[in-house]
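Since the structure comes first, as structure tokens, the remarks are kept for the end.
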Amino acid sequence: MSKHVVVIGGGVAGLETAGRLSKEGISVSLLEKEENTGGHLSDWYKLFPDRRDSGEVKKYLDDLSKSENVLLMTGSTVAEFRKNNNHFHIITSKGKEIKADAVVVATGFDLFSSSRKEEYGYGIYDNVITSADLERMFRNGKITMANGAVPKRIGMVHCVGSRDEKVGNLYCSKLCCVTAVKQAIEIREHIKDSKVFCFYMDMRMGGAHYEELYREAQEKWGVSFIRGKVSEASESINHFIVVKVEDTLAGRPLRMEVDLLVLMAGMEMSKGGKSIAELGGLKTGENRFFEVADHHFGSNISNVAGVFYAGACTAPMNITETISHARAAVSEVTEYLKASGN
Amino acid sequence: MKKEGKKAIWSEYQKEIADDKFFYVRSCIRQNFFPGSEVAFLRIMRDVLGKDVYEHPCHTTCSGIGYHSDVVPVDTAMTVVARQFALMTEAGYKNYVPSCITSFGLYTEIMETWQHFPEVKERIRLHLKNATGREFEVPSNLAHASDVIYKFRKEIAAKAKYKLINKNTGEPLKVVDHIGCHYAKMFPSKGVGGAEYPYVLAGMVEEWGGEVVDYPERRHCCGFGFRQYLVQANRGYSVACSKEKFESMKPYKPDMIITNCPGCPMFLDRWQYVINEMEGKRYGQNGEGIPVFTYEEVAGLVLGFDPWDLGLQMHQTDCEPVLDKMGIEYSPEDKYKTDKNKIVHEVRTLVNA
Amino acid sequence: MQFDPFIIPFNIGLNFILLYVVARSVIWFRELSRPDKLRLQRGFFGSAFAMSLKEIFMESLIHRKILKTNLRLGYMHMSLAFGWFLLILFGTIEADVFGAKHLNAPYKAIFFRFFNPEHGRSGFEAVYGFLMDLILAFVLSGLLLAVLKRFYSRIVGMKKTTQLKITDRIALTALWLIFPSRLLAESFTCGAYGTGSFLTGSLGSFLASFLPAKEMAYPFWWLYSLSLGTFFILLPITRYMHIPTELFLIFMRNAGIRTGDREGTYSEVEVHSCSSCGICIDTCQLNHSVGITTIQSAYLMKGIRNNEDITDIAENCLMCGRCDQVCPVGIELYPIRMMQRRKESAEYHYKNIYKGYLRSRVPVAAAKEAEPLSYNYLPVNEPKTTDVIYFAGCMTHLTPTIKNSMIKILDASGLEYLFLDENGGACCGRPMMLAGQDREARELINYNSQMIWKSGAKTLVTSCPICYKVFKESYHLDAEILHHTQFIRQLIDNNRVSLKFLRKKVVYHSPCDLGRGSGVYDEPREVLNYISRLEDTRYMDSNSQCCGGSLGNMRLSSEQRRKIAIDAAEILTESKPDILATACPLCKKTFSAVTDTKVSDISEIVAEALTSPVNSKNTLAKALSEKQLIGA
Amino acid sequence: MQGQLFLKLQNILKHQGTDMEKFGFTISKGRQIDYDSNDRRIAEYILAKEPSFSLCIECGCCSATCTAANFTKFSLREFNILIKRGELELVSQNIKKCMLCGKCTLVCPRGVNTRNVITLAKQAFQKTESYAV
């Protein structure tokens with residue numbers, strides 16, 4: 001009796017899981033709330049660390065998940081989620097009922113909504129944008145200020161919505177630093193004599209080749225790094241953004257006007273993930289991501305037998321880690337299905 | 001500047017303000033900083049709006065000035081506050097309205113503490129019993145006097161004789177709103193519009209025809225921190241803070257400043273005089289200063305009260321420019337006449353210094 | 001009266017250059033300082049005169065030093081210089097013996113064939129003619145090599161030759177035309193008259209067979225005279241000025257005059273004696289390892305001669321002194337480069353006038369009023385009196401194994417000692433000096449000297465060759481200054497320490513400032529020989545390579561330094577030694593980053609080889625070693 | 001004491017004397033680095049001649065090993081930052097304390113040629129008379 005698995009979430013993790021499961025001969029119904037799959041991937045321009053085009057990874061995932069075993073249901077979320085004697089009944093928002101032997105939750109993350117950090121004035125001051133807005137600008141090939149002019153001096157604020165008790169996120173989102181450095185280099189490439197300032201608390205460049213990217217940003221592109229958490233941003237009379245920060249290594253407060261301020265928004269548990277947690281009775285941790293059974297050898301296993309996690313719904317992850325985590329989820333699912341034998 | 005951004009934040013911070021039967025508590029220092037303000041508040045509430053505002057003769061300071069200067073321990077402050085609440089309960093009122101922003105901050109802090117630590121409240125109940133034999137009830141609604149005026153800003157606008165509009169240009173007056181730090185910075189949810197973009201004064205200004213100015217240093221403290229201006233050695237910090245704000249708002253050419261705290265109008269007004277003395281700098285247009293008002297004074301002007309009844313002659317930065325712009329008639333000669341038209345000591349102001 | 005108009009350019013050129021050289025020498029002599037004038041006069045009449053003549057013959061003509069380093073290049077220079085000298089010499093004899101009168105004007109000797117076409121048919125004349133042709137052939141062979149070198153320097157085993165200025169180029173072409181035009185001129189004349197020896201005769205008759213030799217000869221005689229004339233006229237403003245100047249230099253050097261540290265006549269003579277031969281470029285590690293070929297001494301000299309802005313050239317150099325060793329003209333390159341680094345504080349410097357034909361001395365504005373002291377923050381404290389002072393030096397603090405080994409050795413020696421800069425003293429001043437800032441360096445030198453005087457020490461031991469060199473040269477201490485390898489050598493001699501033999505294959509890198517800089521080559525090798533199997537390496541002692549970490553160079557990037565270090569280490573560890581030993585903390589730190597071979601300072605190896613019991617308290621060690629001495 | 005008090009009062013009345021005498025306090029000078037109004041030509045001069053200056057991650061390894069810092073307040077890390085920000089007062093007064101011993105260059109994890117940075121800074125200060133060392 002061929003097994004059927006429901007994968008909730010059609011992002012990087014979802015596509016990878018669905019594709020790999022179909023290769024194991026398991027039929028999959030892949031639920032995606034948006035009209036098209038790929039999740040955040042389709043918002044990105046070039047990916048760190050080697051700055052390859054995000055389209056390449058998208059194409060790999062599409063090819064992987066395009067198989068008759070995978071029934072893709074876009075524009076649908078989970079309305080009901082019931083488990084009885086290790087079968088799962090899921091009713092989608094479009095009313096379709098699915099019976100499955102296992103469920104893989106791949107709901108991923110949402111970017112922190114920067115307007116919650118009121119003192120940075122996102123949504124109020126014209127030239128305060130987020131890193132996602134900047135990626136969109138890169139995709140359309142035009143980096144401009146609100147009035148259409150080309151910015152010459154760009155500030156990047158790290159840790160917006162991460163490592164910040166005031167917004168309830170104590171954890172570090174791990175990827176904003178490397179994203180900031182990547183975007184700084186891209187800005188310098190797009191705009192000839194631009195000058196980029198990164199305001200950081202700690203430069204967390206832990207991944208492979210991240211440090212080299214950091215050094216290249218300094219050496220080749222003259223990006224300046226000022227250690228200090230920006231306290232507030234406000235708009236001057238000529239619509240520049242006034243940044244107030246303490247240059248902690250010089251030990252003095254610093255004031256600077258920039259043409260454009262980019263907020264490096266952190267990662268949070270996605271809204272979809274939260275609703276699945278309620279529906280499925282899945283435990284979430286203090287940082288509101290799904291609580292995994294074991295941090296070392298059980299990072300795909302949930303507190304409900306038969307429900308598995310894949311990707312950034314458990315913790316901030318880059319694309320490499322997401323794909324590896326998804327592959328681990330597939331091996332957990334196949335092992336579980338073999339063991340349960342139903 | 002996108003206005004919707006601010007409106008979205010304002011909508012998140014709505015505050016419940018009582019609409020009548022207020023137990024009004026005065027500030028220790030506002031009478032001698034701006035004597036006309038508290039009287040104007042009572043006159044507006046009682047005569048103009050016909051509200052019941054009761055002022056208990058035995059109410060005292062909230063001891064906040066001592067508490068923030070590390071002179072009064074917190075238990076003492078709480079007992080004094082408990083006694084104030086006892087007076088309110090005895091007078092049969094439930095809506096507590098302090099006139100001073102620092103008091104409002106202290107009352108909020110104490111009520112929050114009691115809410116989270118009921119055992120402290122019981123301990124204070126015992127203190128009060130031993131000290132005065134009184135019993136007290138926590139007020140059902142705490143609102144600052146400016147919240148109340150904010151709540152009735154529409155009614156005031158309806159009865160307004162003048163608008164915050166420049167008579168000869170028809171342009172709305174450019175108004176800088178400066179909110180006392182103790183109003184919302186400690187408890188953002190307790191301020192109308194939150195801590196970042198408080199709406200309590202902006203609401204009044206927009207209602208009365210003015211236009212609010214958003215300048216970079218609007219969050220900066222005015223310099224009234226007790227330990228800054230009390231100790232002469234630190235007074236340099238106090239005037240430096242005001243100067244930061246003036247330098248930052250100057251390009252916007254504001255017509256006036258509206259405030260809701262005892263200290264801010266005092267220092268934003270006095271330090272303009274001192275800066276002019278020390279550095280010969282004036283921040284208003286054509287050689288004048290920027291007049292500084294409390295919200296009661298602005299409400300009074302809008303309602304057509306006589307400027308000298310509002311005590312505007314006590315300002316060290318002359319208010320005449322705003323009066324002329326709003327087209328308010330006033331008689332310069334009896335600026336310093338008492339009701340028995342005896343000349344009191346003339347204040348050395350910025351212009352005629 | 002033998003005369004022909006074509007000799008006029010030659011005469012003008014010759015008289016001009018003779019007059020110029022005499023005038024120049026007089027000016028230079030007058031600008032000499034008094035002591036140097038006396039030395040020069042004494043040099044002319046003493047044994048130095050003979051030595052100078054011998055050196056002029058061996059170096060200016062034979063170019064013995066170049067022959068030793070690079071045979072083909074040496075032959076080229078020898079054939080041109082020595083060949084031309086012989087040509088002039090025998091030409092004059094020829095004119096005297098066979099010509100009408102004995103004492104002839106120089107042109108008669110040079111153009112002898114023109115005036116005596118019939119000469120050389122038989123007997124002794126033919127033999128002499130054969131000799132003249134042989135010398136001419138000898139010169140032409142050298143000329144051929146020179147032409148090829150210019151276009152393909154590999155021929156002479158040179159990786160790169162110096163670029164030339166316009167005037168250099170014209171003078172060079174003139175030089176190259178001299179001998180071919182003589183050959184053709186003589187051959188045509190001989191061809192026309194059927195005279196000439198194996199070269200001129202055979203070429204002449206060949207040419208005469210199909211060309212009107214008689215008419216053709218005359219223009220070549222003109223060409224011969226013209227090229228000689230141009231060459232002489234342009235000589236003073238080209239690098240060929242080195243030909244006359246070097247003679248003056250040899251006499252001055254043998255008279256005992258040295259460069260010192262101020263620009264003066266001797267440095268001027270040296271600068272003009274440089275022939276831009278390019279040997280210093282070839283030996284420079286910046287050239288081999290990093291590919292920098294614009295800063296070497298040849299360009300420094302050219303830059304000084306033409307008053308170019310040479311701060312970049314002066315400052316981008318390892319100051320390792322290797323080019324000093326190989327300069328065939330024996331110029332003291334190191335002091336001259338230091339003078340350029342001290343440009344600001346010089347009292348006067350030289351400026352070209354008359355398009356470079358002459359140089360005048362221009363006084364520099366007096367130095368600014370006394371600058372406030374830079375290092376008055378250094379604590380002045382009373383060191384305890386002692387016989388032996390150990391001064392580790394800044395770099396040794398970054399290599400604590402050396403410091404600890406030295407403490408072990410000093411304790412083992414039982415000598416009373418004071419570790420002067422135990423918790424980080426002031427810098428010895430040499431790095432500041434290398435940067436050309438003498439005033440600040442002097443301040444540091446005074447500060448350290450005070451401490452050393454106050455301690456009354458008789459011996460000053462230091463681990464860093466950089467400190468050692470400045471202690472030796474710029475400090476005025478009455479204490480005996482020893483590098484720790486010399487000190488260990490002494491300990492072994494008066495057997496204050498007993499060392500066991502370590503069965504380790506060791507190679508020794510001689511630090512620039514210790515070896516070339518201060519002449520200390522033997523003690524380090526003797527100590528190593530005493531305790532281990534010391535092996536030879538490709539570059540040793542005076543031409544050992546630089547590790548690349550030199551403080552003398554401020555401009556190299558860390559990447560460039562690594563390349564130099566990697567290349568040097570590779571050569572040093574060719575024989576796969578167990579230990580690469582050195583005697584400088586900076587060399588040790590530089591090499592240990594680029595090689596897997598164990599890099600240790602000699603003090604570390606000695607410390608390892610120590611057999612006598614070691615304890616930190618001096619007094620206890622003293623008692624023990626006394627007992628041991630009696631017992632031994 | 002009387003005389004002095006009288007003098008003080010006299011000054012106040014005659015409106016002379018410094019602010020301190022008239023008011024008993026002066027306006028405190030802010031410590032804020034105003035990046036936009038600072039003059040960073042010296043930083044640009046150094047960066048042009050020593051590109052490795054841009055690699056500094058302000059880790060402080062140089063100041064830790066510094067020979068001069070052992071005796072006096074002298075932090076190369078802080079000076080690098082102040083130069084980049086255009087705050088030259090403190091740097092120009094202290095820069096000549098450096099002995100150019102080269103330990104900082106030896107330990108720098110990013111390979112910044114610190115010795116050349118110091119020398120170029122000194123040259124730059126000499127050139128701009130306002131900060132002549």
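Here the structure is a predicted model, which is why all the values come from computation and not from measurement. Below, each value reflects all heavy atoms present in this structure, side chains not excepted, and no hydrogens, waters or symmetry copies. Numbers restart at 1 for each chain; the letters A, B, ... are given by sequence-line order, proteins then strands.
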Measure D:Cys98 against the heavy atoms of chain C and call it side chain, backbone, both or neither at under 4.5 Å. backbone

Is D:Arg115 close to C:Pro431 at the side-chain level, that is, under 4.5 Å between some pair of heavy atoms? yes

Which answer fits C:Asn423, side chain, backbone, both or neither, if we ask what part of it has an atom under 4.5 Å from a heavy atom of chain D? backbone

Quick one: closest heavy-atom pair of C:Pro379 and D:Phe71, and the distance? CD-CD2, 3.3 Å

Separation between CG (D:Asn94) and OG (C:Ser374), nearest 0.5 Å, reads 11.5 Å

Shortest non-hydrogen pair, D:Lys97 vs C:Tyr377, comes out as O-OH, 2.6 Å

Under 4.5 Å from any heavy atom of chain C, what part of D:Ser52 do you find: side chain, backbone, both or neither? neither

Are D:Thr105 and C:Leu551 packed together at the side-chain level, in the sense that at least one heavy-atom pair is separated by less than 4.5 angstrom? no

Could you walk me through whether C:His397 and D:Thr67 pass the side-chain contact (heavy atoms from CB on, under 4.5 Å) test, one step at a time? CA-CA 10 Å; C:His397 287 289; D:Thr67 316; over 6 Å; no

Rounded to the nearest 0.5 Å, what's the gap from NZ on D:Lys96 to OH on C:Tyr375? Could you check? 9.0 Å

For C:Leu586 and D:Leu106: C-alpha separation, side-chain torsions, deciding distance, then whether side-chain contact (heavy atoms from CB on, under 4.5 Å) applies. CA-CA 9 Å; C:Leu586 190 50; D:Leu106 221 57; 3.5 Å; yes

If one checks every heavy atom of C:Asp312 against chain D at 4.5 Å, the contacting part turns out to be neither

Taking every non-hydrogen atom, the tightest pair across D:Lys103 and C:Met395: N-CE, 3.9 Å

Need one label for D:Asn116: side chain, backbone, both or neither, based on atoms under 4.5 Å from any heavy atom in chain C. both

Most contact-rich option vs chain D, by heavy-atom pairs under 4.5 angstrom, among C:Ala426, C:Gly549, C:Ala593, is C:Ala426

Roughly how far apart are C:Met554 CE and D:Thr119 OG1, rounded to 0.5 Å? 3.5 Å

Check whether any side-chain heavy atom of D:Leu100 lies under 4.5 Å from a side-chain heavy atom of C:Arg430, and answer yes or no. no

Looking at side-chain heavy atoms only, is the closest gap between D:Lys122 and C:Gln437 below 4.5 Å? yes

Tell me the closest heavy-atom pair linking C:Cys394 and D:Cys101, and the distance in Å. SG-CB, 3.6 Å

If one checks every heavy atom of D:Val107 against chain C at 4.5 Å, the contacting part turns out to be side chain

So which residue, C:Gly429, C:Cys428, C:Ala441, C:Gly425, ends up with the most heavy-atom pairs under 4.5 Å with chain D? C:Gly425

